[in-house]
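We number each residue from 1, following the sequence as shown.
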Amino acid sequence: MTETIESATQDHRPPSSSSDGRRRPRIHRAWIVAAVTFVTIIGGAAFNSLPGLLINPLHDEFGWSRGEIGLAVSINMALYGLTAPFAAALMDRFGIRRVVASALTLVAAGALASVWMTASWQLMLYWGLLAGLGTGSMAMAFAATVTHRWFVARRGLVTGLLTAAGASGQLVFLPFCAWIIEEHGWRPASVTTALAALVVVPFVWLLMRDHPADVGLAPYGGPYTAKPAPARGAARRTVRVLLDAARTGPFWLLAGTFAICGASTNGLIRTHFVPSAHDHGMPITVAASLLAVIGVFDVIGTVFSGWLTDRFEARRLLAVYYALRGVSLLFLPLLMAPDVRPPMIFFIVFYGLDWVATVPPTLALCREQYGEDSAIVFGWVLASHQVGAAVVAFLGGVARDVFGGYDVVWYASGALCAVAALMALVIRRTRRPDGAVSG
C-alpha cells in the first residue's frame with residue numbers, strides 16, 4: 001500500500017520539482033487533507049446529535065410544543081442545505097480554510113447562546129439561523145470540494161470516508177450527550193458541542209490547504225495543475241449554475257431522490273427516533289445508543305458504497321439503497337418496545353448500512369453530468385436533501401402532537417423511499433468531458 005501511495009506521489013509532481021533533490025513524502029498530502037476534513041466534519045457533527053435528544057427536555061422545561069421545537073430543527077436543516085451551494089462557491093473565492101473556520105465558529109456560537117434562551121424564537125435564532133448557517137458551510141459540499149481538488153484516483157472511496165465522518169461524530173457524541181443530559185441537564189450538553197466545534201479550528205487553520213498546488217503537488221492519482229485564480233462573483237456563479245442545471249432532467253431527479261433521502265434520515269430518524277422510542281418506554285440513553293450504533297454501521301455502509309460506486313452503475317445502486325430503506329421503515333412501528341429486542345437490533349444494523357450510502361453514487365452522478373460545476377450542483381442537490389429533512393422534522397413533530405405517535409410518519413417515509421427508487425432508475429447516463437451543463 002505504501003509503495004502504491006509513494007508511486008502516485010512521484011508520478012504526478014509538477015515538472016519544476018522533479019529534479020530539485022528534495023526527499024519526496026511517503027504519504028501524499030491529499031490523505032492528510034482528507035484526514036483533517038474527516039475530523040472537521042466530526043467536530044461539526046457534534047451539534048447535529050443534539051436536536052433529537054433535546055425535544056423532550058425542552059418540552060418539559062419550557063412547555064414548548066414539539067411542533068415549535070421541530071420548526072427550529074426544520075429551519076436549521078433548511079439553512080444547512082441552502083447554504084451548502086454558496087459555501088462551495090465561497091471556498092472557490094476565499095479558500096477552504098477561511099470558510100470552514102468561520103463556519104465552526106458560527107456553530108459554536110449558536111450552541112453556546114442557546115444555554116441562556118428563554119423563548120422559542122431564540123431557539124429558532126440560535127439553533128436555526130446560526131447553527132444552520134455554520135453546519136451548512138461544512139456540509140457534504142465541503143467534502144465534495146476537497147475530493148474534487150485533491151483526488152483523481154480513489155474519489156469514490158474518499159467520498160465514502162468523508163461522508164461517514166458525520167456518522168462517526170454521531171457515534172462519538174450521541175451516547176455522551178445523552179448521558180450528560182440524563183445526569184446534568186441539557187445545558188452542559190449544549191456547551192460540550194460548542195467546545196467540540198471550537199477545538200477543531202486550529203487543525204483546520206494549520207493543516208488544511210486549499211489546493212494541491214499550494215504545496216507543489218499534483219492531486220492524488222492525477223497530473224499537476226496550477227492553482228486557479230480566486231473565483232469572483234461566488235453568489236452569481238452559484239445561482240448561474242443552479243439555473244443552468246435546472247434546465248436538465250437529471251438535476252430534478254437527483255434533487256427529488258435526495259430530498260426523500262433527507263426526509264427519511266435526518267428529518268425522520270435523527271430527529272424523531274429517540275423521542276419515538278421514549279414514547280414506547282425506552283430510556284433516552286438506550287435510544288440514543290441505538291442511534292449511535294446506526295452511526296457505526298453507517299460508516300461501514302458508506303465506505304463500502306464508495307467502493308461499489310467506483311465499480312458499478314451509480315443509478316442502480318441508488319435504486320437498491322432506496323428500496324431497501326423503504327422496506328425497513330415500513331417495519332419500524334412494529335419493532336418499538338420498552339427494551340431492545342433482536343428485531344430492533346436487526347433494523348439498526350440494516351438501516352445503518354443504508355443511512356447515507358446514497359451519497360457516493362449521488363455525487364458520482366453529479367460529476368458525470370456536470371463536470372467542473374459538480375461541487376456546486378451537488379450543493380444544490382444537498383439543499384433539496386435538507387429541505388426534505390426540514391419538512392419531515394417539522395411535520396413529524398406536528399404528527400406527534402396531533403396523533404399522539406409517529407406511526408403515520410414511518411409509513412409515509414417508507415412509501416416515499418419506493419418513489420425515490422423508481423426516480424433513480426430513470427436518470428440517464430451521460431458522460432460530459434467538457435464539464436458543461438446542458439440538456
**Report entry** side chain to side chain donor-acceptor pair (under 3.5 Å) between S114 and S190, intermediate numbers included
**Finding:** CA-CA 7 Å; S114 67; S190 191; 2.9 Å; yes
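- With salt bridges taken as basic N to acidic carboxylate O contacts below 4.0 Å, one links R187 and E61.
- Using a 4.0 Å cut-off between a side-chain N of Lys or Arg and a carboxylate O of Asp or Glu, D373 and R237 qualify as a salt bridge.
- Defined by atom type and a distance below 3.5 Å, a donor-acceptor pair is missing between the side-chain atoms of Q122 and W127.
- Atom OG1 of T257 sits about 11.5 Å away from atom CG of L422, to the nearest 0.5 Å.
- A donor and an acceptor atom, one from each side chain of Y322 and S264, are nowhere located under 3.5 Å apart.
- R316 places no side-chain N or O within donor-acceptor distance of the main-chain N or O of L425, the cut-off being under 3.5 Å.
- Applying side chain to side chain contact (heavy atoms under 4.5 Å, CB included) to I260 and the options V392, T265, L416 leaves one that passes, L416.
- Judged purely by atom type and a 3.5 angstrom limit, W380 uses its side chain to pair as donor or acceptor with the backbone of T238.
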Exercise for review: Please test D279 against R400 for salt bridge (Lys or Arg N to Asp or Glu O under 4.0 Å), starting from the C-alpha separation and ending with a verdict.
Suggested key: CA-CA 10 Å; D279 284 347; R400 172 62 177 79; 2.6 Å; yes
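- Note that CG of L330 and OH of Y411 are 8.0 Å apart. Values are rounded to the nearest 0.5 Å.
- Taking a cutoff of 4.0 Å between a charged side-chain nitrogen and a carboxylate oxygen, R98 and D210 do not qualify as a salt bridge.
- Residue-environment remark: CZ (F347) exceeds the threshold of 12 foreign heavy atoms within 6.0 Å.
- Ring centroids of W31 and Y220 are separated by less than 6.0 Å, placing the two rings close together.
- W355 has its side chain within reach of N266: a pair of non-hydrogen atoms, C-beta onward, lies under 4.5 Å apart.
- The structure places CD1 of I348 at 4.0 Å from CD1 of I294, a figure rounded to the nearest 0.5 Å.
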